[in-house]
Structure formats: C-alpha cells, structure tokens
Q: 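If you scroll down you'll find the structure; I have some questions about it.
For the single chain, residues carry numbers from 1 onward in sequence order. Counting convention: from 1, in listed order, for ligands and their atoms alike.
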Amino acid sequence: MPLENPIPSISQRVTELNNRHRDSDASVVLRDVLGDALFGPIALVSSFGAEAVVLLHMVSEIDKATPIIFIDTEMLFPQTLAYQRKLAEDFGLSDVRRITPSREAVFLRDPDNLMHLADKNSCCALRKTEPLEDALAGFDVWISGRKRFQGGVRAEMALFESEDDKRIKVNPLAHWTREDVADYIAANNLPRHPLVAKGYPSIGCEPCTTPVSSGEDERAGRWRDEEKTECGIHFMNDDKQTPDANVIVNDNGFASDDWNRGYSSFEDIEAAPESQSAALAIDLPNDFDAVKLLPWIDQIDLVRIEFPVFSDGRGFSLAQRLRLLGYHGRLRAKGHLLADQYAMARRSGFDEVEIDQALAARQPEPQWLARADWQARNYQHRFQQSA
Ligand code: SF4
C-alpha cells in the first residue's frame with residue numbers, strides 16, 4: 001500500500017520553499033532555514049569577501065554557532081585572512097571552519113603554485129571546488145551570498161536550488177540590489193573588507209583579482225580578460241543535472257518537446273520544392289528578416305527563434321513581426337530566457353519557450369507559471385478577437 005504522506009524529494013521541497021518564500025525578506029528566509037530542524041545540518045559558505053559581511057551579520061544575529069565554511073585557497077589576499085579573523089571575533093561566530101586544499105593534491109598537481117597561470121579551471125577545482133565538496137559532505141543545506149544583480153549565470157538563480165536532488169542551496173540575498181547591500185551595511189555600521197576602498201568591489205584570490213574602474217561591472221576584476229566568470233563551486237553536480245532533452249515551457253507548465261520531425265534552416269526551405277506537404281519546423285536566428293519568410297508563411301507549422309543571451313531582445317521583435325505578417329503557426333523562443341521574460345514572450349506572440357535542463361532546475365516550473373498576466377496584450381488573443 002502506498003504511503004499516504006510520502007517524504008518529498010529535494011526538488012519538491014525546493015519548489016515548495018520557493019513558493020512559500022516568494023516575497024520573503026532575507027532575514028525571514030534565514031530564520032526559517034536555521035530554525036527548522038527538518039532542514040538537517042546547515043552551513044554558511046563565505047568567502048569573507050567584499051559583501052560577505054551582510055550574511056555573516058544576519059546569521060550571527062540568529063545563531064552564532066552556525067557552521068561557517070571559509071575556503072582558504074592559499075592564494076587569498078592577506079587582507080582577506082585578517083578580515084576573516086576580525087569578523088569572526090566581532091560577530092562572535094564560534095564555528096568558522098577554515099578549509100584548505102588537500103596537501104597531497106597540491107603537491108601532486110600544483111607543487112609550484114603556478115597552475116593558475118596555465119589552467120584556471122583546474123586550479124579552481126583543486127583549491128575551491130574539491131575542498132568545498134569535501135567540507136559539505138555532512139551538510140544537507142548550504143547558504144550562499146550570491147545575488148542576481150551580479151549578472152552572468154547568477155541573473156536567473158532561484159532563492160532555493162536543488163543540488164543533484166541531494167542537497168539544498170539557499171541564496172537569501174538573490175533578489176537584493178546593490179543598494180540593498182549598501183543600505184544594510186550602512187544601517188548596521190558593518191566593517192568593510194579593506195580592499196573595497198582600494199577599488200575591489202569583488203574579491204577572490206590575489207592572482208586572479210584586479211581593481212575595477214568606474215563604470216565597469218563589479219565582477220570585471222575577477223579573472224579579467226578571461227571567459228571564466230565563476231570558480232565552479234556553484235556548478236557542483238551540474239554535469240549530473242543536465243540530461244540532453246530540453247524543457248518546453250507553456251501556460252500549463254513544463255513539458256517535453258512533442259515535435260519530433262526535425263528542424264530546418266531557412267536555407268533548407270529556400271532550396272526545397274515550392275509546395276511543401278510535410279509538417280515543417282524552422283529554426284531562425286533572432287536577426288532574421290521576417291519578410292523573407294512570406295512565401296512560405298502558411299506552410300510552416302513551427303518557427304523556433306534563437307535567444308543567444310538573456311539581454312538580447314531581438315527575438316521578441318522578430319516574433320511580433322512574424323505575427324503581424326500573418327504567421328499563425330506555433331512560435332517558440334529557444335535558449336536564454338528568464339522566467340521574468342515569459343510574459344513578454346507571450347505578449348510578443350510566442351506560444352512556448354524552450355530551455356535547457358540546467359536553467360529549468362534553476363528556474364523551476366512555478367516561477368514560469370507565476371508570469372500569467374501576459375493575456376492583456378497577447379497578439380494572438382487580439383487576432384482571435386478580430387477574426
Ligand atoms: Fe586558482 Fe585563481 Fe581559481 Fe584562486 S581564483 S583557485 S588562484 S585560478
């Protein structure tokens with residue numbers, strides 16, 4: 001006989017927590033997490049960097065004995081080490097755990113401490129990701145200080161995230177703005193990392209951190225002039241979380257792709273015979289000239305428009321143009337879209353969005369379903385009304 005109240009999976013709990021705390025203040029989230037024994041062992045992971053003081057202060061106000069994991073890569077600025085000791089003392093944090101890379105692994109893989117010059121990803125794995133994985137082994141939940149305004153992959157992160165359905169990651173400051181951080185620090189008269197005043201708004205290892213000029217992104221000084229933007233500790237287990245199939249998002253939530261007849265390019269269609277009888281789907285780049293599709297506009301069943309980056313809105317314009325030119329088939333936005341952009345996508349004429357599994361894990365179904373106010377300016381709705 002099935003259990004009447006089966007224990008929810010981590011993913012189910014994460015979905016429920018994101019719903020419950022949709023509008024919660026960071027301190028409410030922290031009190032809920034730190035005060036509920038059902039969460040199991042919890043640690044705060046802190047770099048003791050430029051903005052770390054906010055979460056450390058909040059946690060110290062709730063429970064000074066909370067385990068604080070501090071990854072000392074042995075490449076940090078001496079000011080960071082001094083700041084770590086000062087904050088632990090000022091806030092009365094009684095369980096700061098300084099974690100260093102494995103002596104044996106460093107001896108074998110980076111005996112001259114020069115790996116960061118040749119292979120930064122491997123260096124971060126050796127000095128950050130692997131030690132953190134070991135340190136988190138006994139914890140069910142960990143707390144991170146990332147914020148969406150920091151951009152990159154952080155721009156779309158949820159308040160609660162599932163790590164491989166084994167551990168929960170909490171980002172209580174996910175929705176905070178730069179001003180929120182500054183206000184909290186000022187209101188509580190908190191000590192800043194000494195390098196902030198010297199032009200370092202984001203602080204990591206000494207060889208990989210430079211000051212930032214006025215007008216630059218605040219993380220521009222991290223791995224400057226490299227494609228790398230994250231050390232990797234926030235991608236732990238991502239390889240296990242990312243199966244091949246993409247997720248289709250529509251007004252009913254998540255679904256799998258029901259189109260199994262392949263996608264053509266515009267060049268394929270141009271080269272094809274004039275009368276197309278088979279069902280047809282086409283992939284378009286977001287800078288495509290919609291007018292070129294006019295000869296085939298009634299023959300195409302599905303148009304899929306690429307969104308290469310979150311900030312590039314040309315796909316919305318192309319969708320609107322296709323609808324205005326009379327395209328009535330399915331229209332899908334594929335790639336880098338946020339749940340926050342779903343209403344915009346629907347208003348632009350898209351029927352659905354296609355995202356990869358990693359994004360679906362970070363932005364679960366309820367976040368997309370919450371954006372249901374698109375109908376007021378829905379192009380198809382207006383077409384239906386005027387038909
Ligand atoms: Fe190595 Fe630089 Fe990564 Fe630090 S930030 S672990 S020095 S590559």
Q: Would you say Tyr200 and His193 are linked by a side-chain donor-acceptor pair, where the criterion is simply a distance under 3.5 Å?
A: no
Q: Is any N, O or S atom of His116 under 2.8 Å away from atom 3 (Fe) of ligand 1?
A: no
Q: Are Arg13 and Phe39 in a cation-pi setup, meaning NZ or CZ lies under 6.0 angstrom from the ring centre and within 45 degrees of the ring axis?
A: yes
Q: For Lys128, take its heavy atoms, then give the atoms of ligand 1 lying under 4.0 Å from any of them.
A: 5 (S)
Q: Indicate if the distance from atom 1 (Fe) of ligand 1 to the nearest N, O or S atom of Cys123 falls below 2.8 Å.
A: yes
Q: Is the gap between the ring centers of Tyr342 and Phe350 under 6.0 Å?
A: no
Q: Does a side chain donor of either Ser144 or Asn171 reach within less than 3.5 Å of an acceptor in the other side chain?
A: yes
Q: We want to know whether Asn18 and Thr15 form a side-chain donor-acceptor pair, criterion being a heavy-atom distance below 3.5 angstrom.
A: no
Q: Which ligand 1 atoms does Cys208 reach within 4.0 Å, using its non-hydrogen atoms?
A: 2 (Fe), 5 (S), 7 (S), 8 (S)
Q: Using a 4.0 Å cut-off to any heavy atom of Cys124, which atoms of ligand 1 qualify?
A: 3 (Fe), 5 (S), 6 (S), 8 (S)
